[in-house]
Amino acid sequence: MNIKNYLSDKQWKHFYSESKKYKTPFVLVSKQIINDNFNKIKTNFPYAQVYTAIKANPCVDGIEVLNKLGSNFDIATIYELDMLLKLKVNPSRMSFGNTIKKKEDVAYAYKKGVRLFVSDSISDLENIAKYAPKSKVFFRILVDGSATAEWPLSLKFGADVQVVEELIYKAKALKLIPVGISFHVGSQQNDVNTWDKAIGRVSALFNKVAKNGIVLNLLNMGGGFPAHYIKTPHLLQEYAKNINVSLNKYFGNNIPTIILEPGRSLFGNAGVLVSEVILISKKTKTTKDKWLYVDSGIFNGLIETLGESIKYPLYVPNRKGKDSKEFIIAGPTCDSADIMYKDFRNPLPKDIKIGDRIFWLSTGAYTSSYASVNFNSFPPIKTYFI
């Protein structure tokens, strides 16, 4: 594996030197790369408001970088809200972007000053009307990009366009302020054209409700822009080019306010997870397969390898053996689900040894934030910023 495909010499040397300070497993995240990723998004989408999806990496150091750059923030919980408030982020720069929220959490967010909420159901909408009166609301529609997304999001969130249309009218009746529509094409979306159909649906819905006196002026396109894993993704410029074409095709000179909620594309390639090889073993004398166990697994940073969905590039410094695909890679816990790669053979150097460190690249997003709190009494994996 050529690490130069992922990190410059300067970036790699920085990660590697800092990694020597810590006991595995841990995640290192570069503030500079987060900074660069944010600026890249703003360059390609100069008209868009960025609402960082905190859930991708809810660490104060990273949020401080983005706050200084002027990012807004998408919150999924009141706990993320409290973190932002401690950092003096004004609630006017926040959106409560989770469609599943307790009524007391709606009330708490409203009390703290949040005035922009998302919804996809009548019960949630009624809670917002009661506990966050006269707030602005946007509505999430179902779109299906699961065939080309490595982490699909098309089942749990959103509602059919016809249902959302009824919610818009209901919001108006409840004296809320319906402002727009949101969608998400799936995380790690590999098809640059997937946004087109969704934008077309939104445009049609805008036009339909306008005939009934409701003018919507916000389009939240969520996230979906990919990080660089084993498969090389399209450049962000290609996504921007195609999305711009779609916006002009469907909205012409009346393009609404655009919101983006990047998470993976902000944090992904900014992080490296470092683990240590605990054991290497064979189950039978006749198989070529070797089991390689490391000290971080499904329950401690690598949950997105479930179903072998996310395929991280692996790098082992100071080993010059040819890459081998005979390794099944598993974690340290007493759970047979703790296997990262069994069918997909993520290559490792043939001469890898017990005690070697494996650097899991592009692991700045959805690693430490997903980690178990206390399974097998392993402590949660730590994140260090550099």
Side-chain angles (χ1 to χ4, degrees), residues 1-37 39-40 56-57 62 150 188 190 225-236 264-278 280 290 292-297 301-302 304-305 308-329 331 340-341 344-368 381-386:
M1 197 278 288
N2 188 353
I3 197 166
K4 293 183 179 180
N5 292 332
Y6 297 90
L7 297 169
S8 68
D9 286 341
K10 182 179 178 180
Q11 289 169 337
W12 164 243
K13 288 177 181 177
H14 193 194
F15 274 117
Y16 186 60
S17 64
E18 290 293 320
S19 71
K20 296 177 181 179
K21 299 178 181 179
Y22 306 111
K23 180 180 178 181
T24 62
F26 58 88
V27 180
L28 284 179
V29 181
S30 165
K31 295 180 183 180
Q32 184 59 53
I33 296 177
I34 293 173
N35 183 96
D36 294 345
N37 289 342
N39 288 332
K40 187 182 298 183
N57 190 322
E150 293 181 30
Q188 194 68 12
N190 293 306
F225 306 121
H228 187 184
Y229 299 125
I230 281 191
K231 180 179 179 181
T232 301
H234 296 289
L235 296 174
L236 187 61
R264 192 182 302 277
S265 58
L266 273 177
F267 296 106
N269 72 316
V272 174
L273 186 151
V274 186
S275 64
E276 181 181 318
V277 179
I278 302 171
I280 302 174
K290 295 180 181 179
L292 186 144
Y293 301 93
V294 298
D295 58 1
S296 181
L302 296 170
E304 287 204 319
T305 61
E308 304 186 353
S309 296
I310 301 297
K311 299 174 176 62
Y312 296 109
L314 306 181
Y315 183 66
V316 182
N318 306 318
R319 290 291 172 199
K320 301 186 182 299
K322 292 183 178 180
D323 284 347
S324 171
K325 296 184 178 180
E326 61 190 14
F327 297 105
I328 297 171
I329 307 173
M340 287 78 83
Y341 300 118
F344 170 69
R345 295 306 175 90
N346 204 330
L348 287 169
K350 195 174 184 69
D351 59 345
I352 192 171
K353 304 293 183 184
I354 292 171
D356 281 349
R357 286 188 165 193
I358 300 176
F359 288 74
W360 302 65
L361 307 182
S362 298
T363 45
Y366 301 110
T367 46
S368 57
I381 192 167
K382 293 182 178 180
T383 298
Y384 304 103
F385 280 78
I386 60 176

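Checked against the 6.0 Å centroid criterion, the rings of F15 and F359 do not qualify as a close aromatic pair.
Residues passing the side chain to side chain donor-acceptor pair (under 3.5 Å) test with K290 are E326, sequence neighbours excluded.
Counted within 6.0 Å of NZ on K31, heavy atoms from surrounding residues, nucleotides or ligands total more than 12; the atom is thus considered enclosed.
Between the side chain of D356 and the backbone N or O of V277 there is no donor-acceptor pair closer than 3.5 Å. A donor-acceptor pair under 3.5 Å links the side-chain atoms of D295 to the main chain of E276, judged by distance alone. The backbone N or O of I310 lies less than 3.5 Å from no partner atom in the side chain of E304, so there is not a single donor-acceptor pair. Judged purely by atom type and a 3.5 angstrom limit, Y6 uses its side chain to pair as donor or acceptor with the backbone of Y229.
Salt-bridge formation is detected for the pair E18/K21: a Lys NZ or Arg NE/NH1/NH2 atom is positioned less than 4.0 Å from an Asp or Glu carboxylate oxygen.
Distance CD1/I358 to CZ/R319: 11.5 Å, rounded to 0.5 Å.
The aromatic rings of Y341 and W360 lie parallel to each other, with less than 30° between the two planes, well short of the 60° mark.
Paired with T383 under the rule side-chain contact (heavy atoms from CB on, under 4.5 Å), one option of L273, T367, L28, V29 passes, and it is V29.
In the model, R357 has no side-chain atom that pairs as donor or acceptor with a side-chain atom of Y16 under 3.5 Å.
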